> 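I'd like to ask some things about the structure below.
Note that the structure is predicted; figures quoted are calculated from it, not measured.
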Amino acid sequence: MEFIPADEVKRVLTFSSLIPVMETALKKFSNDQVVQPVRSVVHVKDSDGFLGVMPALSSTDGTLATKLVTFFPNNKGIPTHHAIIAMFNTSTGVPELIMDGKVITTMRTAAVSAVATKYLARSDSKILAILGAGVQARSHFAALTSLFNFDEVRVWSRTFTKAQELANEISGKACETASEAVKDADVIVTVTASPVPVLNKEWVKNGAHINAVGACRPDWHEIHPDLMNSSTVYVDSRAAAIKESGDVILSNAEIYAEIGEVMLGTKEGEKTKTTVFKSLGLAIEDALSAKLVRELLSK
Ligand SMILES: NC(=O)C1=CN([C@@H]2O[C@H](COP(=O)(O)OP(=O)(O)OC[C@H]3O[C@@H](n4cnc5c(N)ncnc54)[C@H](O)[C@@H]3O)[C@@H](O)[C@H]2O)C=CC1
Ligand SMILES: O=C(O)C1=NCCCC1
C-alpha cells in the first residue's frame, strides 16, 4: 500500500490551498453532511500521553478516512504530536493509502483558526499575541499572517528563551509575561500544553478574538473561567466540546455556536464582542486535508 511521507505532504500543502478546504469542512460538519463520532481517546497513564482515533466520512467528497494521533506532552527532543492518516475506498472499504498526519495536524489546526479569525475578528486587527512557542505557535503565525496584516506580533512562552527564539524567527517581540503579550491585542492564540489557565479576563481588551487551541482534555484549561463566561464562545463541535474541552466543562460557559454555523449564516459572527473559538480538532479536517494532498500530488 502506498505511504505518503511527511516531506511529500509538506512539499505540496500550502495555507492558500488548505484554508478554503477547512472552511468547507467546518461548514459540512455543522450542516450534518459528515458522519463523525467524537474521537476515542486511550490514555497512557505512565507517560501521561494519549492515542486518539479520529474517523470521518464525507460521502459527497468520496472520502472515508481515519487519523490516529498521539499527544505525549512530556516528550523531550522529539515532537509531542505524531499521526498517520489512513484512507479507504468509500464503495468497497478497501484501504487505499496511508499518509503522514503530523504535517496535516500542524497545518490544518492553524488553517481552521485562520478561518475562525476571519469570521470573528475585526478585519483591521493590528496586534497578534501568541501564547506558546512550539509547533502550533509557528503554524498559527504562518496561517494568520496569510490572511491578516498585523503591525505587531508578540510571543510569550513559559521559557523566555523559547519566546525569544520564535520572536527572532518571525520578526516579532518576545514578552516576559502573558499579560504584557496580550495587552491591547486584537487577536490572541493560546497554543500551550498547559493544564491550567494562561490567559486571564482582565488582561484582554474588549472585542478581542481568542483562538483557544490547547487544553484538549476535560480536566485541562488554558482560558480562565471568568474570560470564558464573559466572552461569546464558538466551538468546532458542540458534541466534542462538552466531552473534551476543560475550557468549556470547568467554566460551565455557554456555547453560542459552532463556527460552521456562522459560515452557514445560521448564527452571528460577533466581530465587535470578545470572542473565543475553542478548537479541539475534527476528523473531517484531517480527512479533507488528506484528500487535498492526494489531489495535489496527482497533478
Ligand atoms: N485544537 C487542535 O486541533 C489541536 C490542538 N493541539 C494542542 O495545541 C497545543 C500546542 O501544540 P504544539 O504546539 O504542537 O505543542 P508543542 O509541544 O510543540 O508546544 C507546546 C508549547 O506549550 C508550552 N507549555 C507546555 N506546558 C506548559 C505549561 N504548563 N504552561 C505554559 N506553557 C506550557 C511549551 O513550552 C510549548 O511552547 C497542545 O495543547 C496541543 O495538544 C495540537 C494539535 C491540534
Ligand atoms: O485534532 C487533533 O489532531 C488533536 N487535537 C488535540 C490534541 C491532539 C491532536
Side-chain angles (χ1 to χ4, degrees), residues 26 109-133 136-137 139-157 163 166-167 170 172-192 194 196-215 221-236 241 245-248 250-251 253-259 261-263 267-280:
L26 293 161
T109 306
V112 165
S113 293
V115 174
T117 306
K118 185 177 92 175
Y119 281 91
L120 301 178
R122 294 170 57 113
S123 49
D124 60 353
S125 292
K126 290 295 170 214
I127 302 178
L128 168 66
I130 303 174
L131 306 187
Q136 287 297 337
S139 61
H140 274 73
F141 171 78
L144 287 165
T145 54
S146 78
L147 289 192
F148 286 85
N149 282 319
F150 296 107
D151 290 341
E152 200 179 334
V153 181
R154 304 190 197 131
V155 184
W156 168 82
S157 179
L166 174 56
I170 64 175
K173 180 178 182 276
C175 297
E176 300 266 9
T177 63
S179 69
E180 179 194 345
V182 303
K183 188 175 186 304
D184 294 326
D186 304 293
V187 176
I188 300 169
V189 179
T190 59
V191 274
T192 75
S194 176
V196 293
V198 294
L199 185 61
N200 286 355
K201 175 176 183 272
E202 48 293 357
W203 305 340
V204 173
K205 96 168 173 189
N206 275 337
H209 169 63
I210 300 149
N211 293 300
V213 177
H221 50 163
E222 271 189 314
I223 312 294
H224 194 283
D226 291 346
L227 178 54
M228 288 298 291
N229 277 301
S230 58
S231 305
T232 309
V233 176
Y234 299 81
V235 294
D236 45 14
S245 169
D247 281 315
V248 169
L250 302 173
S251 67
E254 184 194 335
I255 297 170
Y256 170 66
E258 289 183 349
I259 192 67
E261 295 177 292
V262 178
M263 294 163 194
K267 288 286 171 81
E268 289 289 311
E270 307 268 22
K271 288 196 174 203
T272 56
K273 295 194 181 160
T274 306
T275 47
V276 171
F277 169 58
K278 179 62 230 169
S279 162
L280 289 159

> Looking only at heavy atoms, which two atoms of Ala143 and Ala111 are closest? And how far apart?
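It is CB-N, 4.1 Å.
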
> Once rounded to the nearest 0.5 Å, what's the spacing between atom OG1 of Thr232 and atom CD of Glu270?
5.0 Å

> Can you name the side-chain hydrogen bond (donor to acceptor under 3.5 Å, both in side chains) partners of Lys201, sequence neighbours left out?
none

> For the pair Ser231 (side chain) and Thr275 (backbone), establish whether a donor and an acceptor sit closer than 3.5 Å, ignoring hydrogens and angles.
no

> What distance separates Phe150 CZ from Ile127 CD1, expressed to the nearest 0.5 Å?
10.0 Å

> Taking all non-hydrogen atoms of both residues into account, name the closest pair between Ser139 and Ala110 and its distance.
O-CB, 3.4 Å

> Counting only heavy atoms not in Glu202, do more than 12 sit closer than 6.0 Å to its CD atom?
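Yes, CD of Glu202 has more than 12 neighbouring heavy atoms, counting only those of other groups under 6.0 Å.
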
> Considering residues, nucleotides and ligands other than Lys173, do more than 12 of their heavy atoms fall under 6.0 Å from its NZ?
yes

> Do the non-hydrogen side-chain atoms of Ser230 and Thr274 ever get within less than 4.5 Å of each other?
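With C-beta onward as the side chain, the pair stays apart.
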
> Within the structure provided, determine whether Val189 and Leu128 are in side-chain contact (heavy-atom separation under 4.5 Å).
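Yes; the side chains approach each other to less than 4.5 Å.
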
> If you take all heavy atoms of Val248 and Ser251, which pair is closest and at what distance?
O-OG, 3.3 Å

> Do Ile259 and Phe277 touch side chain to side chain, with heavy atoms closer than 4.5 Å?
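Touching, per the 4.5 Å side-chain cut-off.
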
> Without swapping roles, check the side chain of Ser194 against the backbone of Val196 for a donor-acceptor pair under 3.5 Å.
yes

> Strictly distance-based, threshold 3.5 Å: is any side-chain N or O of Glu222 a donor or acceptor partner for the main-chain N or O of Ala212?
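No, the answer is negative, given that no donor and acceptor are paired below the 3.5 Å cut-off.
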
> Ignoring hydrogens and angles, tell me if any N or O in the side chain of Asn200 forms a donor-acceptor pair with the backbone of His224 under 3.5 Å.
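No: the side chain of Asn200 does not pair with the backbone of His224.
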
> Other residues, nucleotides and ligands only: do more than 12 of their heavy atoms fall within 6.0 Å of NZ on Lys267?
yes

> Rounded to the nearest 0.5 Å, how far does CG of Asp124 lie from CZ of Phe148?
9.5 Å

> Could you check Val213 against Ser113 for side-chain contact (heavy atoms from CB on, under 4.5 Å), going step by step and ending with a plain yes or no?
CA-CA 8 Å; Val213 177; Ser113 293; 3.7 Å; yes

> Which atoms form the tightest heavy-atom contact between Gly132 and Leu166, and what is the distance?
O-CD2, 4.2 Å

> With side chains defined as the heavy atoms from C-beta onward, is the minimum distance between Trp156 and Leu131 less than 4.5 Å?
yes

> Distance-only, no hydrogens or angles: does the Asp151 side chain make a donor-acceptor pair with backbone N or O of Lys126 under 3.5 Å?
no

> Checking side-chain contact (heavy atoms from CB on, under 4.5 Å) for the pair Thr109/His140: CA distance, chi angles, key distance, verdict?
CA-CA 8 Å; Thr109 306; His140 274 73; 4.1 Å; yes

> Search all heavy atoms of Leu280 against all heavy atoms of Ala215 and return the closest pair with its distance.
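In this case the closest contact between Leu280 and Ala215 is CD2-O, 4.3 Å.
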
> Can you tell if the side chain of Val155 reaches within under 4.5 Å of the side chain of Phe141, non-hydrogen atoms only?
no

> To check you understand the geometry: which heavy-atom pair defines the closest contact between Ala167 and Ala174, and what is its length?
CB-N, 3.6 Å

> Residues two or more places apart in sequence or in another chain: which of them pass side-chain hydrogen bond (donor to acceptor under 3.5 Å, both in side chains) with Asn206?
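Listed in chain order: nothing, the list is empty.
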
> Quick one, Asp186 and Arg122 - any side-chain contact, counting heavy atoms below 4.5 Å?
no

> Say whether Asn211 and Thr117, considering side chains only, have a donor N or O and an acceptor N or O under 3.5 Å apart.
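Present: a donor and an acceptor within the cut-off.
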
> Just verifying a value: how many Å separate Lys278 NZ and Asp236 CG, rounded to the nearest 0.5 Å?
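Here the rounded value is 8.5 Å.
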
> Decide yes or no for Glu258 and Leu26: does some side-chain heavy atom of the first lie under 4.5 Å from some side-chain heavy atom of the second?
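They are not in contact (no side-chain heavy atoms under 4.5 Å apart), so the answer is no.
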
> With heavy-atom distances below 4.5 Å as the criterion, would you say the side chains of Leu227 and Ile210 are in contact?
yes

> I need the Lys271 NZ to Tyr119 OH distance, nearest 0.5 Å.
9.0 Å

> What's the spacing between His221 NE2 and Leu250 CG if we round to 0.5 Å?
5.0 Å

